[in-house]
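Per chain, numbering begins at 1; letters A, B, ... match sequence-line order.
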Protein chains: 2
Amino acid sequence: MVKKSFSGDICSLAQALDVIGEWWSMLIVRDFFLGAGVRRFEQLRDSLGISRNILTERLRTLTDAGVIERVPVKEGGRRQAYQLTEKGIDLLPTLIAMMQWGDRWRSDSGQKFVSVLAREDHQPIAPLQAHSQAGKPLSIDDMCMTVHIKGEDRLIEEWPISALQKAKVG
Amino acid sequence: MVKKSFSGDICSLAQALDVIGEWWSMLIVRDFFLGAGVRRFEQLRDSLGISRNILTERLRTLTDAGVIERVPVKEGGRRQAYQLTEKGIDLLPTLIAMMQWGDRWRSDSGQKFVSVLAREDHQPIAPLQAHSQAGKPLSIDDMCMTVHIKGEDRLIEEWPISALQKAKVG
DNA sequence: TAGCATTAGTTTTAAAATGCAACTAACTTT
DNA sequence: AAAGTTAGTTGCATTTTAAAACTAATGCTA
């Protein structure tokens with residue numbers, strides 16, 4: 001069964017998931033952040049415990065989508081390694097958001113943790129918080145989800161995100 | 001072939017992906033944010049275009065993991081609907097991060113967009129930005145990825161995230 | 001340079017996941 | 001009560017997945 005593509009969906013989330021939404025893809029992307037930035041095929045395979053054919057396929061998808069690129073292992077060499085592109089590095093907020101969600105709701109009793117620290121004080125960074133363009137922190141009450149037409153000011157539909165909490169109380 | 005579980009992985013990203021990493025799961029979660037908060041089975045199926053057996057399975061996983069819960073459609077009624085839990089609402093930063101990544105690198109020429117707006121000025125919220133616990137905005141140069149033991153200050157390993165960009169230039 | 005070791009895939013196979021469509025019991029509406 | 005709707009359940013064919021073996025290409029060393 002060919003998995004249904006989300007590319008026809010109006011939401012950018014769906015576009016994103018078409019690239020990074022397959023089993024293993026985000027973990028592969030994470031591995032590039034855990035290291036010097038350049039990873040070889042067998043390094044990825046070792047650290048992830050993924051089958052070679054699946055890793056080959058996922059790397060191709062990520063390369064075709066411009067998230068990673070191939071670079072020679074050595075100047076003039078033929079062996080290739082992979083590294084994140086700017087588009088791939090741009091996934092850092094997604095990675096952080098998911099890690100913070102996982103940290104907060106984690107049920108395992110593991111001993112080892114992966115974290116993002118601020119270099120100046122070596123403390124974990126704060127939970128990601130939405131801000132307005134003017135820099136004001138936004139809570140759930142301050143935001144709404146909308147559907148609109150590109151280039152037009154008129155909104156087709158709009159939902160306060162706070163309604164989620166009211167539905168719970170009611 | 002049973003998909004390999006990531007639950008043994010040390011990273012919270014993997015824990016998160018075990019819950020929300022299956023094809024369709026994040027889109028289902030998104031659908032709760034696009035509406036009044038309570039969704040019924042057929043509403044989800046209609047808007048997503050997903051098969052009933054797959055939707056049933058995904059809803060079970062998300063319910064078992066505590067991301068959504070079942071509520072009666074009407075007081076005293078038997079029909080059930082679903083709504084996000086607090087744990088589910090906590091996925092908002094993840095949703096926003098992925099939408100913003102998708103928006104920035106979007107290649108389709110679709111006309112309809114889903115966005116998160118600040119209610120005070122009806123402008124799109126700013127791109128998510130990491131901050132230190134003191135509230136200072138952090139760039140890639142200001143952060144590092146680390147592996148450490150729970151409860152200990154000693155770091156096992158540490159990588160500057162900026163190394164990713166240096167690897168590109170070099 | 002030759003020989004050996006390593007690497008990055010490729011292929012085969014069996015089990016599981018997926019999507020489509022039909023079915024059905026339970027629930028709701030008229 | 002009858003009719004319509006709903007939330008699954010089931011059967012089936014195709015695709016995906018993971019494990020393991022294979023192989024050509026590359027790199028290293030004597």
Novice: Does a nitrogen or oxygen in the side chain of A/Lys4 sit under 4.0 Å from OP1 or OP2 of C/dA17?
Specialist: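 Looking at the OP1 and OP2 atoms of C/dA17, neither is under 4.0 Å from any side-chain N or O of A/Lys4.
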
Novice: Tell me whether B/Glu86 is salt-bridged to A/Arg104, with the criterion being a basic N under 4.0 Å from an acidic carboxylate O.
Specialist: yes

Novice: Return whichever of A/Lys3 or A/Arg52 has its heavy-atom-nearest nucleotide of DNA chain C closer to the 5' end.
Specialist: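 With A/Lys3 and A/Arg52 compared, the 5'-side residue is A/Arg52.
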
Novice: OP1 or OP2 of C/dT10 sitting under 4.0 Å from any side-chain N/O of A/Arg60?
Specialist: yes

Novice: Do B/Glu22 and B/Lys3 meet the salt-bridge criterion of a basic N to acidic O distance under 4.0 Å?
Specialist: no

Novice: Verify whether one side chain among B/Asp142 and B/Ser139 offers a donor that lies under 3.5 Å from an acceptor in the other.
Specialist: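 There is such a pair between these side chains.
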
Novice: Kindly state which residues belonging to residues 16-26 of chain B come within less than 4.0 angstrom of DNA chain C, counting heavy atoms of the residue only, listed by number.
Specialist: B/Trp23, B/Trp24

Novice: Does B/Arg58 put a side-chain nitrogen or oxygen below 4.0 Å from OP1 or OP2 of D/dG8?
Specialist: no

Novice: Taking CG from A/Leu59 and C1' from C/dT7, how many angstroms apart are they, rounded to a whole number?
Specialist: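 Value for this atom pair: 14 Å.
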
Novice: What's touching nucleotides 27-30 of chain D from the protein side, N or O pairs under 3.5 Å?
Specialist:
unit_1 : atom_1 : unit_2  : atom_2 : d
D/dG27 : OP1    : A/Arg78 : N      : 2.9
D/dG27 : OP1    : A/Arg79 : N      : 3.1

Novice: Less than 6.0 angstrom separating the ring centers of B/Phe33 and A/Trp159, yes or no?
Specialist: no

Novice: Please report whether the ring centroid of A/His131 lies less than 6.0 Å from that of B/His131.
Specialist: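 Yes.
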
Novice: Is there a side-chain contact between B/Ser51 and the phosphate of C/dC20, meaning an N or O under 4.0 Å from OP1 or OP2?
Specialist: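 Answer is yes, contact under 4.0 Å.
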
Novice: Contact class for A/Gln80 vs. all strands (heavy atom < 4.0 Å): base, sugar-phosphate, or nothing?
Specialist: sugar-phosphate

Novice: To the nearest Å, how far apart are A/Glu42 CD and C/dT10 C1'?
Specialist: 14 Å

